[in-house]
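Because only heavy atoms are used, hydrogens play no part in the values below, and waters and symmetry mates are left out as well, while side chains stay in.
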Amino acid sequence: MISDSTRTRFDREVAKFPPDQKQSAVMACLAIVQQEQGFVSKESEADIAQYLGMPTIAVHEVTTFYNMYNQRPLGTYKLNVCTNLPCQLRDGQKALQYLERKLGISMGETTPDGMFTLQQSECLGACADSPVMLVNDRTMCSFMSNDKLDQLIDGLKGAQA
C-alpha cells in the first residue's frame, strides 16, 4: 500500500510529464519505493502499476531490466562486479571469484551478517578501467586488483564499526 508521503513524491514525479504520459515516471516511482523500503517487492510493483495506470507486468519488466532495482532485501553494501567481455578479458571474472572466496558467498548471495551482497553486472561503461565494480549503485571502483578489493572490503567493514 502506498503511503501518503510516497504518493506525494509520486505526484511530484508524474507532474514532470504530460498527463497522458504519466507512465514515464515509472523509473522514478521505482526508485522512490526502493529508497524507502530497500527493495521493490511484487506488491510495490502492483501499487505503482495501479497508480500509473499501466499493467503490472510492464512495471515488472522495468524492475527486472535494470540492475539498480533490488527485487529482494540485500546487504548493506551491494557489490556489482562487471563480467562483460571486456572486463572478463582484464580479470573481471577473477575479481568476482576473489570476492566470493573473501566473503564466503557465491554470486547473488548475501553474507550471513547482512553486510554484503555480491552480484555480477553487465557493462558499467568503464572498460578501459577494468576490472570495475559498482558499490550501492553509486560508487564506481576501477582497476580492482586483489589488493584494492581487500582495501575496499576492509574499509566498508570499518565504516560499520
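Side-chain atoms of Leu30 and Val33, non-hydrogen and from C-beta on, never get closer than 4.5 Å to each other.
Atom CG of Leu149 sits about 10.5 Å away from atom CZ of Arg101, to the nearest 0.5 Å.
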Residues 88-97 side chain polar contacts: donor-acceptor under 3.5 Å, at least two apart:
residue: Gln88; atom: NE2; partner: Thr83; partner atom: O; Å: 2.8
residue: Arg90; atom: NH1; partner: Ala128; partner atom: O; Å: 3.0

Review item, side-chain donor-acceptor pairs of residues 42-49, under 3.5 Å, at least two apart:
residue: Glu43; atom: OE1; partner: Ser41; partner atom: OG; Å: 3.3
residue: Ser44; atom: OG; partner: Gln37; partner atom: OE1; Å: 3.2
residue: Ser44; atom: OG; partner: Ser41; partner atom: OG; Å: 3.0
residue: Glu45; atom: OE1; partner: His60; partner atom: ND1; Å: 2.9
residue: Glu45; atom: OE2; partner: His60; partner atom: ND1; Å: 3.1
residue: Glu45; atom: OE2; partner: Thr63; partner atom: OG1; Å: 3.0
residue: Asp47; atom: OD2; partner: Met1; partner atom: N; Å: 2.9

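Judged as a salt bridge (Lys or Arg N to Asp or Glu O under 4.0 Å), and not counting sequence neighbours, Asp11 has no contacts. Contacts of Glu36 classified as salt bridge (Lys or Arg N to Asp or Glu O under 4.0 Å), with partners at least two apart in sequence or in another chain: Arg9. Not a single ring pair (Phe, Tyr, Trp, His ring centres under 6.0 Å) links Tyr69 to another residue, sequence neighbours left out. With sequence neighbours left out, the side-chain hydrogen bond (donor to acceptor under 3.5 Å, both in side chains) criterion links Asp113 to Thr111. Under the side-chain contact (heavy atoms from CB on, under 4.5 Å) criterion, Pro55 pairs with Ile57, Ala58, not counting sequence neighbours. Partners of Lys22 according to the salt bridge (Lys or Arg N to Asp or Glu O under 4.0 Å) rule, which considers only residues two or more places apart in sequence or in another chain, do not exist here. A search for side-chain hydrogen bond (donor to acceptor under 3.5 Å, both in side chains) contacts involving Asp154 returns nothing, not counting sequence neighbours. Under the salt bridge (Lys or Arg N to Asp or Glu O under 4.0 Å) criterion, Asp150 pairs with Lys102, not counting sequence neighbours.
Residue Ile105 comes nearest to Leu118 through the heavy atom pair CD1-CB, 3.9 Å, listed as atom of the first residue, atom of the second, then distance.
Panel note: side chain Gln34, backbone Asn70; a donor-acceptor pair is recorded below 3.5 Å. A distance-only check finds no donor-acceptor pair linking the side chain of Gln120 to the backbone of Asn80 [under 3.5 Å]. In terms of modelled atom types and a separation under 3.5 Å, the side chain of Thr117 and the main chain of Gly75 share a donor-acceptor contact.
Contacts classified as ring pair (Phe, Tyr, Trp, His ring centres under 6.0 Å) and involving residues 74-108 (residues at least two apart or in different chains) are given here: Tyr77-Phe116. Residue pairs meeting the ring pair (Phe, Tyr, Trp, His ring centres under 6.0 Å) criterion with at least one member in residues 121-147, sequence neighbours excluded, do not occur.
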